[in-house]
Colleague: 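Let me give you the structure first, and then I'll get to my questions.
Along the sequence shown, the residues carry numbers beginning at 1.
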Amino acid sequence: MANIIDRVIGYINPLAGLQRANARALLTRAYEGASQRDGWRPRRGGASANSDHMGDATSLRQRARALVQNVPYISRGLAAHVANVIGTGIMPRSIAKGPQAKALNTLWAQWVKVCDADGRQDFAGLERTAVRAMCQDGEVMIRLRNRRSADGLPVPLQLQVLEIDWLDSSRNFTNNGNAVINGIEYDALGKIVNYWLYDRHPGEVGALIRVGTYSRPVPASSIIHLFNTERPGQGRGFTSLASAIARVRDLQLYEDAELQRKNLETRLSVLASGDPADMANPNAEGGIANPDQARRTGDLGQLASGSITQLPPGTELTVVKPEVAAGYVEYIKYNLHLIAAGSGWTYEMMTGDVREVNFSSARVRLLDYRREAEQLQWLTIIPGFCEPVWRAFVEAAQLGGMIKSVDYSVDWATPKWDYVDPSKDVKADRDEISMGLSSISEKLRKRGYDPELVFTEIKTDFDRLKKDGTLDILLQLMFGGQSQPAPPAAPEDAAADPLRP
């Protein structure tokens, strides 16, 4: 709409007035979603990921932990998610050249049993603990603890999983020209130099009493900071429950209100109108012994069970019967679907409710979830946790004299996915292999197996069975007692066949 200035300019110079009108039209928003008329003002619009983390991450983390501890379906969903992503462990296999590969694989098999600095878990258990903490809290730290040769470890190295609370997020200052943001120290090029860690967990029993609880810089080379990067320039992680926290809270309040309403439905309440003095009957069971107290409190006593009670003249009774509210189950299920979607899980995984799914719908959602789980495995956990641990393991083995040279070449095996319908899925895999659309090795890798080990085991088994003379017996059992089909006879010589022209 033209203002007074536009009208004056248009009167003096119509061409200039037209140009101003065209320029003003270009400023009109093309996207309705960007309109400011709806009153929507995003909080901290334009803030960086680190600024958002500084403002909200602590509260989000505390609320996410409370939900995991107190809400059954959240605890179940997180446990199922970690079980699918980690399973029994994401394990490496050295593919270094020469005999070093065998030496590293042997050392790894021995070291994973004693790699926990706390002495409670093996490497697969540490993976589970770290990934669970990352999903719940948004981030977790793994500290590399170098050990002495006298400690008697296969490799002089151990791992310590630390909750993110160990990181002093209040540290925001400049240290010798380096910027410290949210407890992480960066150099001029943006490379992480130090992590400012407390000497003990700040929430540990007695931590507040102890004098001198202070954060100190720990070299970044000894810290693995695991989190799922979602925004460019993000230095800290956010809980995966962030988008579902508010809805879970509201749903819990609704469930509490429904529980109270259900309790009222099971009780019979009666409103009596009249003079309490007329209702007083000290000799009758449940009668009012003190009319004055009844006037003050409104309590007229209890109804006798299985009896007929005569009411005083003029007494009117009104029975309070709460109405049943319909649609409770549907509303709960609807919200649980939204919570599962926001948390990155499936509804069936979170609740265990599979009554309304069929094979096709369950398979579609499961395949979609598996893509997300594989993305988390190969883009976050393996490069962010497994690879740094493997490099530290190889370097520690070389420094300890177990190997002569360093070769980080490794192949990781993720936990296998169980078939939804084994007979159909195995047949589909076999058809792909027979049509040249896939290889046996690829199918084995997708199931979490090492092809080299599988082929070696198969050859070893057949050689042993053939040597023991039991191979023919097994083949006989496989064919159900029928003789094996004879191989086709070789074509006869044409000259020996009198019927052939």
Side-chain angles (χ1 to χ4, degrees), residues 83-113 122-125 127-128 154 363 366-367 370-371 373-374 377-378 381-382 386-387 390 393-394 397 403 407-490:
N84 278 276
V85 173
I86 296 300
T88 55
I90 301 176
M91 291 299 173
R93 182 181 66 89
S94 175
I95 53 176
K97 297 180 180 180
Q100 181 174 334
K102 183 177 180 180
L104 285 175
N105 290 330
T106 302
L107 284 173
W108 178 268
Q110 299 171 354
W111 178 75
V112 292
K113 301 176 182 179
D122 60 5
F123 181 71
E127 285 182 318
R128 179 196 59 190
R363 180 180 175 85
L366 186 60
L367 292 177
R370 286 180 177 180
R371 293 189 190 97
E374 288 179 343
Q377 290 171 341
W378 290 101
I381 299 174
I382 291 178
C386 299
E387 288 283 356
W390 177 258
F393 166 79
V394 174
I403 58 175
D407 190 339
Y408 302 112
S409 302
V410 63
D411 185 22
W412 293 95
T414 57
K416 67 177 182 179
W417 297 111
D418 293 327
Y419 288 130
V420 179
D421 188 336
S423 60
K424 293 182 179 179
D425 290 341
V426 170
K427 184 178 182 301
D429 289 346
R430 185 181 60 191
D431 292 342
E432 288 187 10
I433 294 173
S434 62
M435 294 295 294
L437 301 177
S438 181
S439 64
I440 300 178
S441 298
E442 181 182 359
K443 294 301 180 182
L444 289 173
R445 282 193 295 268
K446 285 187 175 182
R447 296 208 66 188
Y449 297 118
D450 181 1
E452 295 296 331
L453 293 179
V454 173
F455 296 148
T456 302
E457 288 181 0
I458 292 176
K459 184 178 184 305
T460 302
D461 291 344
F462 271 93
D463 290 343
R464 182 178 60 188
L465 293 173
K466 189 174 182 179
K467 182 178 180 181
D468 295 342
T470 56
L471 180 60
D472 294 336
I473 299 176
L474 290 178
L475 293 176
Q476 186 74 9
L477 294 174
M478 291 173 61
F479 282 96
Q482 299 179 3
S483 59
Q484 302 181 42

Colleague: Taking atom OH of Y408 as the centre, does the number of heavy atoms from other residues, nucleotides or ligands within less than 6.0 Å exceed 12?
Modeller: yes
Colleague: At their closest point, which heavy atom of I403 faces which heavy atom of V394, and how far apart are they?
Modeller: CD1-O, 3.8 Å
Colleague: Search all heavy atoms of D431 against all heavy atoms of S434 and return the closest pair with its distance.
Modeller: O-OG, 2.8 Å
Colleague: Once side chain to side chain donor-acceptor pair (under 3.5 Å) is applied, do any residues pair with N105, and if so which ones, sequence neighbours excluded?
Modeller: none
Colleague: Using 0.5 Å steps for rounding, measure from the CD1 atom of I381 to the CD1 atom of I90.
Modeller: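 The CD1 atom of I381 sits 5.0 Å away from the CD1 atom of I90.
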Colleague: Ignoring hydrogens, what is the shortest heavy-atom contact between S409 and W390? Give both atom names and the distance.
Modeller: O-NE1, 4.3 Å
Colleague: If I compare all heavy atoms of I95 with all of V410, which pair ends up nearest, and what's the gap?
Modeller: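 What the structure gives for the nearest pair is CG1-N, 3.6 Å.
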Colleague: Taking all non-hydrogen atoms of both residues, which atom of P415 and which atom of G89 are closest, and how far apart?
Modeller: CD-O, 4.1 Å
Colleague: Between Q377 (side chain) and T414 (backbone), is there a donor-acceptor pair under 3.5 Å?
Modeller: no
Colleague: Would you please indicate if the ring centroids of W378 and W412 are separated by under 6.0 Å?
Modeller: no
Colleague: Taking atom CG of D472 and atom CG of L465, what is their separation to the nearest 0.5 Å?
Modeller: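 Nearest 0.5 Å value for the CG-CG distance: 10.5 Å.
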Colleague: Determine whether C386 and E127 make a side-chain contact, defined as any pair of heavy atoms from C-beta on separated by less than 4.5 Å.
Modeller: yes
Colleague: Which of parallel (below 30°), tilted (30 to 60°) and perpendicular (above 60°) describes W108 and F393?
Modeller: perpendicular
Colleague: Donor-acceptor pair, distance only, cut-off 3.5 Å: does the side chain of T470 make one with the backbone of I473?
Modeller: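 Judged by distance alone, no pair lies under 3.5 Å.
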Colleague: To the nearest 0.5 angstrom, please state how far the OG1 atom of T460 sits from the CZ atom of F455.
Modeller: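 Interatomic distance, T460 OG1 to F455 CZ, rounded to 0.5 Å: 13.0 Å.
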Colleague: Please report the shortest heavy-atom distance between P451 and S441, naming the atom on each side.
Modeller: CG-O, 3.6 Å
Colleague: Can you tell me how far the CZ atom of R370 sits from the CG atom of L366, to the nearest 0.5 Å?
Modeller: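 Taking CZ in R370 and CG in L366, the distance rounds to 4.0 Å.
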Colleague: Are more than 12 heavy atoms from other residues, nucleotides or ligands located less than 6.0 Å from atom CG of L453?
Modeller: yes
Colleague: Less than 4.5 Å apart, side chain to side chain, heavy atoms only: is that true for E432 and K443?
Modeller: yes
Colleague: Answer yes or no: is there an ion pair linking D461 with R464, defined by an N-O contact shorter than 4.0 Å?
Modeller: yes
